[in-house]
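Just so you know, these numbers come straight off a predicted model, no measurement behind them.
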Amino acid sequence: MNPLGFLKDELAELKEQGLYRELKVLESGQTPRSVIDGKEVINLSSNNYLGLATHPKLIEATIKATEQYGAGSGAVRTIIGTMSLHQELEQRLAEFKHTEAVLVFQSGFTANTATIPAIVGKGDVIISDSLNHASIIDGCRLSRAEIKAYDHADMNHLEQRLKEAKDQGSGKILVITDGVFSMDGDIAPLPDIVELSQKYGAISYVDDAHSSGVLGANGRGSVDHFGLHGQVDIQIGTLSKALGVLGGYVASSKDLIDWLVHRGRPFLFSTSHPPGVTAALIAALDILLTEPELIDTLWDNTRYFKGKLEALGFDTGKSDTPITPVIIGEGSKAMKFSDELFNAGVFAQGIAYPTVAKDKARVRTIVTATHSKADLDEAIAAFEKVGKDLLVI
Ligand SMILES: *Cc1c(COP(=O)(O)O)cnc(C)c1O
C-alpha cells in the first residue's frame with residue numbers, strides 16, 4: 001500500500017473543482033514584456049513595481065558582493081551568519097523608515113511568522129482584518145493567542161472586537177492589518193486603526209508588503225503616506241516586491257528588534273541572506289532615495305491604465321494603488337478571460353474562489369514603472385477585445 005495514495009484523490013478533487021493549477025514558466029527576466037510558456041506577452045502580474053529586479057545597479061551590486069564575499073552566507077544570523085552587509089542594510093533601512101531599529105528576515109512571510117509569535121501568546125488576543133495575508137494568518141496561528149477577525153476595513157467591527165478583548169481579561173491585544181490589500185489594491189484605514197489601538201491600549205502592527213516602495217515619500221510605506229511616524233508600533237515590509245530582490249523586515253523599537261534577535265525563530269534557525277541579495281537591497285534603497293521619479297512613473301502608469309479600463313466600462317473595484325482588479329464575476333469566466341488575454345498577448349492572472357468571494361472572480365493586474373505607454377495601450381486593446389468577445393463590457 002502507498003501511504004501517500006490519498007494525494008491522488010485530493011488532487012483529483014482539486015481538478016474537479018477547477019482549482020488545480022499548472023505553473024506558468026517565465027523564460028525571460030521579470031520584465032514588462034516577458035516570455036511566459038514560450039510566448040512573449042505584456043506582463044501584468046509581476047510585483048516588480050519599479051523594475052528593480054532587473055535594474056543594472058542591483059545586478060552590479062550582486063556580482064560585486066558575490067565576488068567579494070561568496071555565494072552563500074554559511075550560517076544563521078545568531079551563529080556567524082551576520083555579515084557586515086546585513087548590518088549595513090538594517091541601519092540603512094532604519095534611517096529610511098525613521099524607526100529606532102530594523103531587523104531583516106529571509107522573506108516577508110518569515111518576518112510575520114517570526115514576529116507575531118514573539119510578541120503574543122496564550123492568554124493574549126489578536127484582532128486581525130479578515131482579508132489579511134496568509135503569512136499573517138500563519139503567524140497568528142503559531143502564536144497560540146486567541147484570534148478574532150474583524151470584517152475587512154470595518155472600523156465599527158474593529159472597535160467591537162477591541163471592547164470584547166478588553167472585557168475578556170488582562171492579556172495583551174495586538175491589532176494587525178495589511179497596509180495595502182493584495183487582491184483589491186485598497187489601502188487600510190490606518191489613521192483610524194491607530195486611534196482605536198491607542199484608545200484600547202493595543203499594539204498596532206501593519207504589514208506593508210505591497211506598500212514598500214509604492215506608498216509614501218520615496219516609497220517609505222503606509223505610515224509615511226498617512227503621516228503616522230512614531231504611532232504604529234510595528235511595521236513589517238517586504239524586500240521581495242517593489243525592492244526587487246528577496247526578504248522581509250521589521251521596523252520598530254530597539255527593544256523589539258533585540259527581542260526578535262532572541263525569539264524570532266526563523267532568525268535563529270534558518271540561514272541568512274547571501275551577500276549578493278543583501279548588496280542588491282542596499283542598491284535598491286539607494287535608487288528609492290535618488291530616483292524617486294520611478295515611483296512617480298509607477299503612479300502615472302497606474303492612473304493611465306486604470307482610467308482606460310474604467311472608460312471601457314470595466315469594474316475595477318475599490319483599488320487605490322497599482323494593484324487593479326478587473327472584476328469579471330463567475331470563476332470559470334474569469335479564468336477564460338485570463339486565457340483569452342494570454343492568447344491576445346497579455347498575461348494577467350485569473351483569481352477565483354476561495355482566494356476571493358465566489359461572485360467576485362477577477363483578473364488581477366499590476367502595472368509597473370517600466371511599462372511604456374505603448375505596452376499599456378496594447379494591453380488595453382487586448383482587454384477591450386476580450387471584454388467584448390466575452391460580453392463583460
Ligand atoms: C507578499 C506578501 C508577503 C510575503 O512577502 P515575501 O517577501 O514574498 O515572503 C507578506 N505579507 C503580505 C501582505 C504580502 O502581500
Side-chain angles (χ1 to χ4, degrees), residues 23-37 39-66 71-72 85-86 89 92-93 96 104-111 133 135 180 182 185 208-215 218-221 237-249 273-302 305 321-324 346-349 364-372 375-376 379:
L23 296 179
K24 290 249 185 291
V25 178
L26 182 65
E27 293 155 16
S28 63
Q30 191 67 259
T31 41
R33 284 177 191 258
S34 296
V35 181
I36 298 177
D37 288 346
K39 184 178 159 83
E40 189 189 285
V41 291
I42 296 170
N43 181 351
L44 291 181
S45 291
S46 162
N47 295 322
N48 184 20
Y49 287 100
L50 303 173
L52 299 188
T54 52
H55 195 289
K57 286 186 180 158
L58 273 74
I59 296 170
E60 192 193 326
T62 302
I63 294 171
K64 266 182 70 179
T66 304
L85 281 172
H86 296 125
L89 175 62
R92 291 282 312 275
L93 275 169
F96 179 72
V104 169
F105 283 87
Q106 296 87 349
S107 68
F109 202 104
T110 51
H133 188 259
S135 57
V180 167
S182 56
D208 259 348
H210 280 284
S211 358
S212 304
V214 174
L215 285 184
N218 303 84
R220 282 182 172 80
T238 183
L239 305 165
S240 327
K241 288 174 176 145
L243 273 91
V245 195
L246 178 69
Y249 63 81
H273 277 160
V277 165
T278 311
L281 286 166
I282 294 169
L285 256 185
D286 286 338
I287 293 172
L288 290 184
L289 290 168
T290 56
E291 298 176 39
E293 56 277 10
L294 268 178
I295 302 171
D296 298 338
T297 308
L298 171 68
W299 283 95
D300 277 349
N301 281 350
T302 298
F305 188 68
T321 65
I323 299 173
T324 305
V346 172
F347 179 63
Q349 179 71 50
R364 173 173 171 265
T365 68
I366 300 181
V367 301
T368 71
T370 48
H371 285 96
S372 66
D375 294 334
L376 298 179

Inset, instruction - Please assess N47 against I366 for the test side chain to side chain contact (heavy atoms under 4.5 Å, CB included), listing each intermediate value before the final yes or no. - result: CA-CA 7 Å; N47 295 322; I366 300 181; 3.4 Å; yes
Legend entry - Sole residue of V180, T302, V367 in side chain to side chain contact (heavy atoms under 4.5 Å, CB included) with I323: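 Among V180, T302, V367, the one meeting side chain to side chain contact (heavy atoms under 4.5 Å, CB included) with I323 is V180.
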Inset, instruction - Using side chain to side chain contact (heavy atoms under 4.5 Å, CB included) as the criterion, point out the one residue from T365, D375, L44 that pairs with V346. - result: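 The passing option is L44.
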Inset, instruction - Please step through side chain to side chain contact (heavy atoms under 4.5 Å, CB included) for the pair K39 and D37, ending with a clear verdict. - result: CA-CA 6 Å; K39 184 178 159 83; D37 288 346; 5.9 Å; no
Closest approach of [X] and [Y], non-hydrogen atoms and distance?
X: A242; Y: G213; answer: CB-CA, 3.9 Å
X: F96; Y: R220; answer: O-NE, 2.6 Å
X: A71; Y: P274; answer: O-CB, 3.1 Å
X: L85; Y: A65; answer: CD1-CB, 4.1 Å

Okay, side chain of [X], backbone of [Y]: is any donor-acceptor separation there less than 3.5 Å?
X: S240; Y: G247; result: yes
X: R92; Y: L281; result: no
X: S34; Y: Q30; result: no
X: N43; Y: S45; result: yes
X: S28; Y: V35; result: yes
X: W299; Y: V214; result: yes
X: D208; Y: G237; result: no
X: T31; Y: G29; result: yes

To the nearest 0.5 angstrom, please state how far the [atom1] atom of [X] sits from the [atom2] atom of [Y].
X: H55; Y: E60; atom1: NE2; atom2: CD; answer: 10.5 Å
X: T368; Y: N301; atom1: OG1; atom2: CG; answer: 7.0 Å
X: L58; Y: L285; atom1: CG; atom2: CG; answer: 10.0 Å

Legend entry - Set of residues satisfying side chain to side chain donor-acceptor pair (under 3.5 Å) with respect to N48, sequence neighbours excluded: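 None.
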Inset, instruction - If the plane angle is over 60° it's perpendicular, under 30° parallel, otherwise tilted; pick one for H273 and H86. - result: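 Ring orientation of H273 relative to H86: tilted.
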Atom pairs and distances, side-chain donor-acceptor, residues 290-297, under 3.5 Å, sequence neighbours left out:
residue, atom, partner, partner atom, Å
T290, OG1, D286, O, 2.8
E291, OE2, K57, NZ, 3.3
T297, OG1, E293, O, 2.9

Does any non-hydrogen side-chain atom of [Y] lie less than 4.5 Å from one of [X]?
X: F305; Y: H371; value: no
X: H210; Y: L215; value: no
X: L243; Y: L288; value: yes
X: L89; Y: Y249; value: no

Legend entry - Residue pair L50, L298: steps toward the side chain to side chain contact (heavy atoms under 4.5 Å, CB included) verdict: CA-CA 7 Å; L50 303 173; L298 171 68; 4.0 Å; yes
